[in-house]
Structures are given as C-alpha cells and as structure tokens.
Amino acid sequence: MAKKYIALIIILVFAAFLYLYKINSVPPGLNNDQVSQAYNAFSILKSGEDRYGLVYPIMFRSFGSFILPVFTYILAFGYLILGVSSVGVNIVSVIFGLLTIVVTYLIMKEYDEGRGTPQSIITVFVFSFVPWLLFFSRSASEPTLGLFLFLLGIYFLIKSLKVPGNFIWGILFVSLSTWAYYSERILAFVFIPLFVVFFRKTLFAHKKVLVLGVIIFCLIQVPNISLIKTGALTRRFDQVSYLSYPDFEKSGGALKNLPFGHGVYIAKQFLSHYVAYFSPRSLFFLPDEQNVRSMPALSVFYDWMLIPFFLGMAVFIKNKRNNFNKVITALLFTSLLPAALTVEPFYTTRVLLYLWTITIIISFGIAKLPKLIIPILFLYSLFLLYSSYFVRFKFERSGDFGGGYAELFNYINENKDKKFVIDNTRDVSICVRYSFYNRLSPHIYKQGLDKNYLQNYYSVENAGEGCLLDNIEVRPINWGKDIAENTVVVGDQLAISKEQAANYRLQSQFEIKNSFNNIVLSGYSPR
Amino acid sequence: MGNRILKIVTPILIAVTSFWFRHIIDYSYILGIFLILLCVTLSLRKLIISILILLAVFGFVIGNALDRNIFVADRLEQDMLQTQDRFVGEGFGKLYKNRVGLFILNRISLPFYKIEKNLFSAIDPNIYFFAGHPRQNKDAYEFEKFSFALLPFFCIGIYISFKKDFRRELLFILIVLLLNTSFSTKFILGPILFFPLIVNFVSKGIEETYLWLKNISR
C-alpha cells in the first residue's frame, strides 16, 4: 500500500513538472476566448461587473456567444493569489488538470478494490503524459474544469453504490459541472437518469437520498430559467448544430428529394460524426483541425497507443460486468452525444470526458504490454511531446495566441502622443487584448464600448467588438477619414497592402513579423 | 448445415450489393470474383486459403495501387520538412544537429509519416460508411462503399470478434494492415484489401442479430 502512495506521489510530481515546464512561454499567449475570460475575471475582481457592465452575470457574453461562468469566477479568485497575468490564467487551468489526475486515481481505486491490481497507478501514469490532458490543462480552458467537476461527481456516484449518502455529493458536482462547460450541460441530463436506471435496485432502496439529489440538481439549474426567453441558453448550440432546416437545405444533397429526407440527413450526420470520434485516424494520427485546440503533428494520443487501445478494448469487453464497468461503458457512449450533434468533424474540447474513458481503456492495454518496452515507448512519447508542443507549437501557433499584439501594444504605449486606428475586421479580440495587456480599468473599458451590448446583453448577436480607449480606436479603417496627421493606421496585410499605402502616400512606421518572417501587423501614417 | 449456408450466403449478398462492388466490377470482373471468394473463405475461417487469395489480390492491384511517393516529398511536404528542420533544430540544438539526428529527420521521418498516413487512412470506419465524412481525406479518392444502415451490424461484428477468440483472424488482419501501408490513398478502388474484412464483420453482425432474434422468438 505504501509503495502505491509513493508511486502516486512520484507520478504527480512528474505531472506537475510537465504541466508547469515553460508555462510562461508555451502556450505563447492567450487565444480570443481565453483573453475574453481573463479580462472578464479581472473586471469581476475590480468592479463586480463583467466588461460590459453586467453585475455578476450567470453567463459571460463573449464575441457573439456566451461562456459558462464558473471558470471565470474561479479565475477572479485565482488573481488574488497568483496575480493578474496570462501565466496566472494558465496556472489556474493546470491546477484543475492535476486535480483531474488525482480524481482519476480515486476512481480507479474502486476498480482495483478486490482485485489487488496496480491498475490505478498504471492509469495515472498514462494520464500524466497523455497529450490531450497536458494541452488543455496548460491552456486556460474551462473544459478542463468541467471535466474535473464531472469526474468528481462520477467518483461520488460510484461510492454511493456502497454508501448511499455519497449520491448527494455526486449529483452536486455533476450539476456544478453544467455551469463550467457546455458539453456537461447535455451530458448531465443524459448520464444521471441512465445511472439511476442502471443502479435502480440500490438507489431506490434509499429514496430519500434520491429525492434530495434530484432537488439539489434542480436547484442548481434554476438560474437557467431567467435565460430561457433571451435565447442565450441555446445560442451556442444553435450556432454549431446541424439540426436546423436551413442546414439541411444547404447540405442535404440528394436527400432533399426523399420523403423524410431531413430525418435521414440528421441520422446520417449524427452517425458519421459519432463514429468519427472512434476512428483510430482521429485518435492517433490527425490533430484537431483548429490550431488553438491542437499541437503540430500530434493527435490527442500518441501513434503507438493504437496497439494498447485494441488490447485494452479486448480486456474491457471480456471483463466481468461489474458496477465500475457499467459506469465506464455508459460514459464511453454518452460522452460523445454533445459533440456528435455539432457540425465540426473533431472538436476536442467537447469530448474531454470521452478522451478520458479512452485513456482508461488504453491504460488497460498498456498493462498487458511487455514491461521492457514501456520505458522505450515513454521516452519516445516525451520526444514527440517536446518537439511538437514545447518547440513547434510555440513558433507555429503564435498567431493564434495573440502573436504580434504585445509588440504593437508596447509601441502604442511608447507613442502616447499619437492616435492609432486598428483594423478589427479579422480579429474581434483587439479591445479586450489591449485592456488585459495594460490592466485597463474596467470602468474605462465600459466607457469606450457601445452601450447596446449592456442593454441587450443576452440577445445582441454581433460578434465584433470595436472600442475607443486611451489613444486607440478599434474598428474597420475609414480611408477617407483616418488618413490624418499624427494618426497611425494599423492592420494586417489584407487591411493595408503596400499598394494601398503607396496610393494614399503613407509611410511605414513599423512592421511586426512572426517566426516565419511574415508580416502580421503593420502601421502607416501620412508622409 | 444451415449455419454453413448462412456463412456462405450472407457475405456474398453483402459484398455484391455494396456500392464498392460496383466500382470493383468496373475495374475488373476477375478482381470481383477473387474478392467474393475471399469473403467466403474468411467467413468459413479458412485462414491459409484466405491468405493465399489475399496475396493474389494484392499482386493483381499493386501495379496501380502502389504509393510511389513514399520516399518523395511534394512541395507541401518539403515546406513541412524545412519548418521542422528549422524549429526542431532551434529546440533541440546539438541533440538534433548531428549526423544521426539529421539522418532521422531528413531520411526516415518522411517515409515513416507516409506509411503511417496510408495505415491510418485505411482504419477509419467513416471511409467505408460515409465516404470519409466528416473528416474527408483531401488526398484520397473518396466514395461511399457500404450503406450506413449496415454500420450497426459492423459494430456488432467487431464486438463479437473481441468477445470471442479471434486470434486466427488476427494474423489475416495484420497481413492486410502491412500490405495496405504500400497502397496510395489516391488508388481508385480505395483500401481494397479491407473489403473482405468489412464484409466479414458486417456478416458476423447480421448472423449474431439473426440468432439473437431467433432466440427471442422461442
């Protein structure tokens, strides 16, 4: 037993080292959603309002959509301890990633009980270096918090099969997770009834606990009632799902001519998206297509994990049907429902719980591999991780994490006597980024914003966010009006080409380049 | 006897009614006959005969299917190698910038990547039931091979294979995987060596479903 705890501590120390190594430079900044949350958290800390002026919102408006609140409020609290910085933002996420590993150990202990196996240690060892958990833990992300809370709920639900009182804690944490990330919103409503049905004999023997759990779940969902009429509750889902008739009209193809064609289209889309997440090509080879959700040339799992994946599936399928297996099976198949209802082909943040169950299965397979080969595979994995994430990611993805803006804001701060007009046609986050970088008072930020955002907080759909702050104005460039003495127009190559600059007789003030030596931002003013 | 007939008829029916078979017949009738034979021998668990027919099929198509670019980088791949060279060089320093490191990155990483790409492109269920949707392979010639209505039977067939002992078929599967790594994703018939395997899993699924329904009705 003592050996197990020593091994666990060593693994956790290793994971903490890996998750915090070079945290100040990898990732190379914050992406749009992250900087939005970071500044909202700062605004909550300073004024009790979000950046638009709404007092303690139950959902945070962000570029035409809404982010669930728990991570932002925790971040605000985190600023008190860690200070306000992008590194601090990432560290809060790292803490939940490490706690996820701890909860995984607790859950796997239930599997080991009675078997005397060290599977829990093997499993947490795999979790310590698996790419998807490392990436999202280091990446200021509310899905990691959602995963942690849901898993904590799962742990207590499994415990409740022996000690019924734990059911309350399980329901509490699962319900809280619905305020952390959208996937858990759908998952909780599917998984909890399924859990109650699977284990009805045990749970119905303690009806009081069951009823209390349902009441707690409903109470935690009450704030949603205020959002029903605004459209905010389902805005995100409407933006990303394929269920609507317009989507069928656009993509239905030959099915448009069939009776019940829309139904067949939905069934086909659902099955194809659902199965895509089981594809070894998606799990072990292709990274997520979105740069902010993936590392260069490394998928959510290492390529060699294909073999323990199949071994683990064989072990899992042949295992006796016990409570633990029932729960994992239910999670494996239900955790894909949120992502399978959306158009994106492989959206990693929506399936973190699914990736968690796959990692469990892979760890079963790794336990069956010859022991001599495991250190070699581990070192190979660290090499892949280092070259993809700690080396290439920093350079190749800097543009997706606000690359170039730190230099721009430095230049602006050194030239306070000039006025800057920054084109925001292709980047909605400039105002927030500037405000977070300069720790701008939320009071000043709100004054510089369109009042329409606050008045129609849950219903305004505009994603663009222009502003007038200090000596900067963020909006599309007006070529007739903005070419004036002491004004610098700033934009990317599409906003201001060299030909345009020549036509308007503009002089280059600065050029900011990325690691590929391509210009990302340039500033011009009249000669 | 009834069971044996089922094991012969079911794979033949699934094979000839598939969209994929139409493409195969357009390509070559002889290939179609070989593949039907292979589906039946696999269903009857005649391993050695199956492997021999598989090798014959491989020999028949390899001329057109061979990926001749495993060791050749196109422009995009050259860019990828240059990027890798630059950033990995900066990141690893002397650990990379030596004879061994440069040899591995310039001579081994590209063919290794392409072989992996050929392997993983074939073990994607979506290419068989949904023409690759929603993660279509831009390099591959995609077309719908089986109706998506057969997907549940395919899943049941895979589950049954895991549940029961399928070590005999495992050798066949490993040979198919190995041979397929030499196939280009642009080949007009797709990963044709997997055709009998998919048919086999779907047949198993249909047989199990039929037996289960038969048990229930008793």
Side-chain angles (χ1 to χ4, degrees), chain A residues 22 26 242 251 253 264 267-286 288-289 296-297 299 303-304 306-307 309-319 333 339-340 342-347 383 386-396 515-517, chain B residues 79-80 82-93 95-96 101 104-105 109 112-113 115-137 140 144 147-152 154-155 158-167 170 173-174 177 185:
Chain A
K22 291 191 179 178
V26 186
Y242 48 74
S251 317
V264 174
K268 204 170 176 184
Q269 284 285 58
F270 178 79
L271 280 174
S272 66
H273 282 79
Y274 193 90
V275 170
Y277 287 95
F278 281 100
S279 165
R281 183 168 162 248
S282 294
L283 292 173
F284 305 103
F285 185 66
L286 282 182
D288 188 324
E289 277 139 12
S299 186
D303 49 7
W304 63 267
L306 174 71
I307 296 166
F309 170 68
F310 283 114
L311 281 173
M313 275 297 222
V315 167
F316 186 68
I317 288 170
K318 286 183 173 164
N319 261 350
F333 290 108
T342 60
V343 294
E344 286 86 356
F346 193 84
Y347 202 109
F383 165 74
Y386 187 80
S387 64
S388 174
Y389 185 68
F390 292 102
V391 175
R392 291 180 62 179
F393 182 78
K394 187 174 69 175
F395 295 115
E396 293 180 33
S515 42
F516 294 94
N517 219 31
Chain B
D79 276 342
M80 185 181 86
Q82 275 171 5
T83 307
Q84 238 175 273
D85 189 54
R86 187 178 144 205
F87 295 135
V88 172
E90 280 183 40
F92 282 91
L95 272 176
Y96 161 71
I104 290 172
L105 209 75
S109 68
F112 183 72
Y113 164 77
I115 288 169
E116 268 201 329
K117 187 173 151 191
N118 292 343
L119 170 71
F120 281 105
S121 296
I123 54 173
D124 178 3
N126 287 62
I127 65 164
Y128 299 106
F129 297 97
F130 303 103
H133 182 72
R135 289 194 103 176
Q136 285 90 338
N137 187 346
E144 207 160 321
S147 165
F148 75 98
L150 293 176
L151 180 65
F154 174 76
C155 296
I158 297 253
Y159 175 77
I160 294 300
S161 298
F162 271 113
K163 193 98 178 146
K164 295 177 182 171
D165 187 5
F166 74 120
R167 274 177 285 190
L170 192 58
I173 292 170
L174 288 172
L177 283 169
T185 52

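First the proteins, then the strands, lettered A, B, ... as listed; each starts at 1.
Nearest heavy atoms, A:R281 versus B:S121: CD-CA, 3.9 Å.
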Could you check B:R135 against A:S279 for side chain to side chain donor-acceptor pair (under 3.5 Å), going step by step and ending with a plain yes or no? CA-CA 10 Å; B:R135 289 194 103 176; A:S279 165; over 6 Å; no
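Donor-acceptor pairing under 3.5 Å is lacking for the side chains of B:E144 and B:H133.
Of all the listed residues (A:A267, A:A314, A:P296, A:P280), the one sharing the greatest number of non-hydrogen pairs under 4.5 Å with chain B is A:P280. Contact count against chain A (heavy-atom pairs under 4.5 Å) is highest for B:N126 among B:I127, B:N126, B:L151. In terms of heavy-atom pairs under 4.5 angstrom with chain B, the leader among A:K268, A:H273, A:R392 is A:K268.
Side-chain contact between A:L271 and B:F130: present, with at least one pair of heavy atoms (C-beta onward) separated by less than 4.5 Å.
Proximity to chain A (any heavy atom under 4.5 Å) is shown, for B:Y96, by neither the backbone nor the side chain. Heavy atoms closer than 4.5 Å to chain B are found in both the backbone and the side chain of A:S515. Using a 4.5 Å cut-off between heavy atoms, A:L306 contacts chain B through its side chain alone, with no backbone atom that close. Residue A:F390: no heavy atom, backbone or side chain, is found under 4.5 Å from chain B. Both the backbone and the side chain of A:F284 come within less than 4.5 Å of a heavy atom in chain B. Using a 4.5 Å cut-off between heavy atoms, A:F316 makes no contact with chain B at all. Contacts between A:Q269 and chain B at a heavy-atom distance below 4.5 Å involve the side chain alone, from C-beta outward. Contacts of A:F393 with chain B are absent, with no heavy-atom separation under 4.5 Å from either backbone or side chain.
With A:Y347 contributing its side chain and A:D288 its backbone, the two residues share no donor-acceptor pair below 3.5 Å. Side-chain N or O atoms of B:T185 include none that pairs as donor or acceptor with a backbone N or O of B:N118 at under 3.5 Å.
Rounding to the nearest 0.5 Å places CZ of B:F87 at 4.0 Å from CZ of A:F516.
No more than 12 heavy atoms of other residues, nucleotides or ligands sit less than 6.0 Å from atom CD1 of A:I307.
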